[in-house]
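Scope of the values below: all heavy atoms of this structure, side chains included, with no hydrogens, waters or symmetry mates.
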Amino acid sequence: MSFGLQRFMRFLASGGIATATNFVGAYALLQAGVAAWIANLAAYAVAFVVGYTLQRAWTFEGQHRHGDALPRYLALQVSVAAITALVGHVGALLHMPNLIIALGSTGVSGVLCFIGTSLWVFPRGEAAAKA
């Protein structure tokens with residue numbers, strides 16, 4: 001398997017783990033009666049730690065400095081978390097089932113994170129010395 005394909009497969013796997021963490025957390029909190037926007041933000045916070053750790057250490061093999069990658073990852077995730085919370089809130093206002101709210105929020109966050117992480121947080125050709 002070529003290095004590029006291997007990295008892409010790792011990206012999908014680590015993103016999938018973070019996304020699953022987000023989905024399970026959001027759904028569990030919604031089922032427990034937590035407000036949709038709080039449930040989505042809390043689940044996202046846990047998924048943030050999982051996602052950054054896996055993406056930097058495993059997918060990109062620690063090639064990007066924390067000083068560069070972490071602030072970008074944080075900015076991306078704060079933006080996507082706000083959008084995810086809004087999606088959850090709108091879903092609740094529309095009286096959608098919790099499963100649909102969690103799936104919609106998770107889907108939106110997954111797509112936005114994939115684009116932002118691959119193009120901005122850990123861009124190709126911008127690998128730096130380990131921090």
Side-chain angles (χ1 to χ4, degrees):
M1 186 177 330
S2 74
F3 181 70
L5 179 58
Q6 182 181 17
R7 180 175 283 172
F8 179 71
M9 297 305 289
R10 286 181 181 181
F11 188 95
L12 291 179
S14 58
I17 292 167
T19 299
T21 301
N22 185 31
F23 172 77
V24 169
Y27 186 68
L29 291 170
L30 288 166
Q31 287 298 99
V34 175
W37 71 274
I38 294 173
N40 280 291
L41 284 177
Y44 212 95
V46 175
F48 173 91
V49 174
V50 171
Y52 180 77
T53 301
L54 288 174
Q55 291 290 349
R56 184 179 178 278
W58 185 50
T59 304
F60 297 96
E61 300 172 340
Q63 295 177 7
H64 295 77
R65 291 182 293 187
H66 285 298
D68 296 329
L70 186 57
R72 289 180 183 181
Y73 194 80
L74 178 61
L76 174 67
Q77 297 304 322
V78 166
S79 300
V80 174
I83 294 167
T84 300
L86 179 61
V87 169
H89 182 66
V90 169
L93 289 175
L94 296 174
H95 304 288
M96 293 178 159
N98 289 339
L99 181 61
I100 300 302
I101 294 171
L103 283 171
S105 298
T106 302
V108 167
S109 68
V111 169
L112 294 176
C113 287
F114 176 78
I115 293 167
T117 303
S118 59
L119 296 178
W120 186 53
V121 177
F122 301 110
R124 198 171 191 182
E126 195 180 291
K130 292 181 183 180

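Rounded to the nearest 0.5 angstrom, Ile115 CD1 and Leu76 CG are separated by 10.0 Å. For the atom pair Leu93 CG and His95 NE2, the distance stands at 7.5 Å (nearest 0.5 Å). Atom CG in Leu70 sits 10.5 Å away from atom CD in Gln77 (nearest 0.5 Å). Annotation: the span from Leu12 atom CG to Ile17 atom CD1 amounts to 11.0 Å, rounded to 0.5 Å. Separation of atoms CZ (Phe114) and CG (Leu119) is listed at 8.0 Å; rounding is to 0.5 Å. With values rounded to the nearest 0.5 angstrom, Leu99 atom CG is found 10.0 Å from Leu30 atom CG.
Taken together through direct or relayed side-chain contacts under 4.5 Å among Ile, Leu, Val, Met, Phe, Trp and Tyr, Val87 and Ile101 form parts of separate hydrophobic clusters. Residues Val49 and Phe11 share a single hydrophobic cluster, defined by chaining ILVMFWY side chains whose heavy atoms lie under 4.5 Å apart. By the criterion of side-chain heavy atoms lying less than 4.5 angstrom apart, applied directly or through intervening Ile, Leu, Val, Met, Phe, Trp or Tyr residues, Leu103 is grouped together with Val24 in one hydrophobic cluster. Residues Trp120 and Val78 share a hydrophobic cluster, clusters being chains of Ile/Leu/Val/Met/Phe/Trp/Tyr side chains in contact below 4.5 Å.
Scanning all heavy atoms of the two residues, the minimum distance from Gly51 to Ala18 falls at CA-CB, 3.8 Å. Taking every heavy atom of both residues into account, Ala69 and His64 meet most closely at CB-CB, 4.1 Å. Here the shortest heavy-atom pairing between Ala39 and Val34 reads N-CG1, 3.7 Å. Shown here for Gly88 and Ser105, the closest heavy-atom pair between the two residues is N-OG, 3.6 Å. The two residues Ser14 and Thr59 make their nearest non-hydrogen contact at OG-OG1, 2.9 Å.
At a threshold of 4.5 Å between non-hydrogen side-chain atoms, the residues Pro123 and Arg72 count as touching. Considering only heavy atoms from C-beta on, Tyr73 stays 4.5 Å or farther from His66 through its side chain. Residues Ile38 and Leu29 form no side-chain contact, since every pair of their non-hydrogen atoms from C-beta on lies 4.5 Å or further apart. Counting heavy atoms from C-beta outward, Phe48 and Leu74 have side chains that approach closer than 4.5 Å.
Thr19 pairs by the side-chain contact (heavy atoms from CB on, under 4.5 Å) definition with Thr106, not counting sequence neighbours. Every residue was checked against the side-chain hydrogen bond (donor to acceptor under 3.5 Å, both in side chains) condition with Thr21, not counting sequence neighbours, and none meets it. Every residue two or more places apart in sequence or in another chain was checked for a side-chain hydrogen bond (donor to acceptor under 3.5 Å, both in side chains) with Tyr27, and none qualifies. For Leu86, the side-chain contact (heavy atoms from CB on, under 4.5 Å) partners are Val90, not counting sequence neighbours. When the side-chain contact (heavy atoms from CB on, under 4.5 Å) test is applied to Ser109, the partners found at least two apart in sequence or on another chain are Asn22, Tyr44, Val80, Thr84. Every residue two or more places apart in sequence or in another chain that forms a side-chain contact (heavy atoms from CB on, under 4.5 Å) with Ile100 is listed here: Met96, Pro97.
Around atom CH2 of Trp58, more than 12 heavy atoms belonging to other residues, nucleotides or ligands sit under 6.0 Å away.
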